[in-house]
2 protein chains.
Amino acid sequence: MLKARDELTCQVRDVLNRVGDKWTLSVVNELGAGPRRFNEVRRAVPGISQRMLTRTLRVLERDGLVVRSIYAEVPPRVEYELTPLGRTLLERVSGLIDWAVEHHEDVESARGRYDARHPGDASRDFAE
Amino acid sequence: MLKARDELTCQVRDVLNRVGDKWTLSVVNELGAGPRRFNEVRRAVPGISQRMLTRTLRVLERDGLVVRSIYAEVPPRVEYELTPLGRTLLERVSGLIDWAVEHHEDVESARGRYDARHPGDASRDFAE
DNA sequence: CTGCATCCTATACGATACTG
DNA sequence: CAGTATCGTATAGGATGCAG
């Protein structure tokens, strides 16, 4: 029996939460271009802290989306790379990123129109 | 000149954050099946609080992804529906949802393997 | 039925300092 | 270079009560 496609199960939601956090999409997107060292990703994702990059990569590794290769050199070198599973996710993620690039101006103008139509709502959270 | 496709700008990140929050994907997915009243969506998205549904719908409306129609009846009726722009987002969102449905078991087994290989990390956050 | 306001908690995230 | 540990803050989100 197939799972209900129209219903987002806990487990599906769990996966989507992963993707929805602040940095996962950016990191996956960067690794999509090829294997990267820790600090290469760090530089390619402006604003990410060392802590969050470490955590994001650990979670991706744990979920089987990224492989971590340690090279016992001096200085130590660690490379991260998408797994085949990770690459299947990248395809879908790219779809979202493309949408955002194509339509974020539409979204912004819609916001402008909404805010003009609802001037009293400046106190509401999304306005700030 | 085209925007750098490999770089996630602030504005793109902004759009992705929207989609990445706890409920937006579920709500958009539900509205993808057709116009829905407030409490219809509420019932279709288990676990969502009234507050968060209201907020999620307001943000979607503000961003031009959803239209809100009020019918002056007794009792009052309000219907939400995806806009054409919202429907273009739905396509990409569906891609992600499909991925989650297809692969969440892969992810879970990968997690199990990781946790078995890293028994000492039970104290780390993702384990809980 | 639909929605706003208030209070409260959990947690995601950032800054900083320290280690093999 | 590639992390870990600790701390402080901001924010998302839940519970509850009231209103058109």
Side-chain angles (χ1 to χ4, degrees), chain A residues 10 13-14 16-27 30-31 35-62 66-81 118 120-128, chain B residues 13-14 16-27 31 35-62 66-81 118 120-128:
Chain A
C10 266
R13 264 276 333 279
D14 179 70
L16 296 177
N17 275 348
R18 208 41 108 245
V19 170
D21 76 353
K22 190 168 179 181
W23 300 110
T24 297
L25 281 177
S26 303
V27 170
E30 173 61 20
L31 291 180
R36 290 285 184 274
R37 302 183 53 163
F38 185 89
N39 278 326
E40 285 177 337
V41 180
R42 191 147 149 65
R43 279 187 294 272
V45 181
I48 194 170
S49 65
Q50 188 192 49
R51 169 193 153 99
M52 289 316 295
L53 179 54
T54 299
R55 290 174 58 112
T56 302
L57 288 168
R58 280 296 169 286
V59 169
L60 287 170
E61 186 193 1
R62 187 167 98 111
V66 159
V67 280
R68 178 168 174 267
S69 309
I70 310 105
Y71 300 89
E73 306 173 353
V74 180
R77 183 164 61 107
V78 181
E79 279 196 350
Y80 295 89
E81 187 176 6
H118 301 259
D121 297 0
S123 55
R124 224 85 99 251
D125 308 299
F126 45 71
E128 62 216 41
Chain B
R13 265 276 331 284
D14 178 71
L16 296 177
N17 276 347
R18 208 44 106 245
V19 171
D21 76 354
K22 192 170 180 181
W23 300 110
T24 296
L25 281 178
S26 303
V27 171
L31 291 181
R36 291 284 185 273
R37 301 183 55 164
F38 185 89
N39 277 327
E40 284 177 336
V41 180
R42 191 147 148 66
R43 280 187 293 273
V45 181
I48 193 171
S49 66
Q50 187 193 51
R51 170 192 152 98
M52 289 315 296
L53 179 53
T54 299
R55 290 173 59 111
T56 301
L57 288 169
R58 280 297 167 287
V59 169
L60 287 171
E61 185 194 0
R62 186 165 97 111
V66 160
V67 280
R68 178 169 175 266
S69 311
I70 311 106
Y71 301 88
E73 306 173 352
V74 180
R77 182 164 61 107
V78 180
E79 278 196 350
Y80 296 89
E81 185 175 8
H118 301 260
D121 296 1
S123 56
R124 223 85 100 248
D125 309 297
F126 45 73
E128 62 215 39

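Chain letters run A, B, ... following the sequence lines, proteins first, then strands; residues in each count from 1.
- The residue B/Arg37 sits close only to the backbone: its heavy atoms come under 4.0 Å of sugar-phosphate atoms, none of a base.
- In this structure, B/His118 NE2 and A/Glu61 CD are separated by 5.5 Å, a value rounded to the nearest 0.5 Å.
- A/Ile70 has its CD1 atom 8 Å from the P atom of D/dG3, to the nearest Å.
- Contact between the side-chain N/O atoms of A/Arg55 and the OP1/OP2 oxygens of D/dA5 is not found at any separation under 4.0 Å.
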Take B/Leu53 and B/Val45, measure what side chain to side chain contact (heavy atoms under 4.5 Å, CB included) needs, and give me the verdict at the end. CA-CA 9 Å; B/Leu53 179 53; B/Val45 181; over 6 Å; no
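- Residue A/Tyr80 has no polar side-chain atom (N or O) positioned under 4.0 Å from OP1 or OP2 of D/dC1.
- Atom OH in A/Tyr71 sits about 12 Å away from atom P in D/dA2, given to the nearest Å.
- B/Arg42 places its CZ atom 10 Å from the C1' atom of C/dT2, with the value rounded to the nearest Å.
- Atoms CH2 and CD1, from B/Trp23 and B/Ile48 in turn, are 5.5 Å apart once rounded to the nearest 0.5 Å.
- Look at CZ on B/Arg77: it is 10 Å from P on C/dT2, rounded to the nearest Å.
- Rounded to whole Å, atom C1' of D/dA15 lies 16 Å from atom CG of B/Leu53.
- With rounding to whole Å, A/Leu57 atom CG is found 11 Å from D/dT4 atom P.
- Residues satisfying the side chain to side chain donor-acceptor pair (under 3.5 Å) test with B/Asn39, not counting sequence neighbours, are none.
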Once each nucleotide of nucleotides 15-20 of chain C is scored for protein heavy atoms under 4.0 Å, what B/S/- sequence comes out, 5' to 3'? B-B--B
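- Rounded to whole Å, atom C1' of D/dG20 lies 16 Å from atom CD of B/Glu73.
- Each of A/Pro75 and A/Thr54 was assigned the nucleotide of DNA chain D with the nearest heavy atom; the assignment lying further toward the 5' end belongs to A/Pro75.
- Using a 4.5 Å heavy-atom threshold, the side chains of A/Phe38 and A/Gln50 count as touching.
- Separation of atoms CD (A/Glu30) and CZ (A/Arg42) is listed at 14.0 Å; rounding is to 0.5 Å.
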Please step through side chain to side chain contact (heavy atoms under 4.5 Å, CB included) for the pair B/Arg68 and B/Leu57, ending with a clear verdict. CA-CA 9 Å; B/Arg68 178 169 175 266; B/Leu57 288 169; over 6 Å; no
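- OP1 or OP2 of D/dT11 has not a single side-chain nitrogen or oxygen of A/Lys22 nearer than 4.0 Å.
- Rounded to an integer number of Å, the gap from B/Met52 CE to C/dT9 P is 18 Å.
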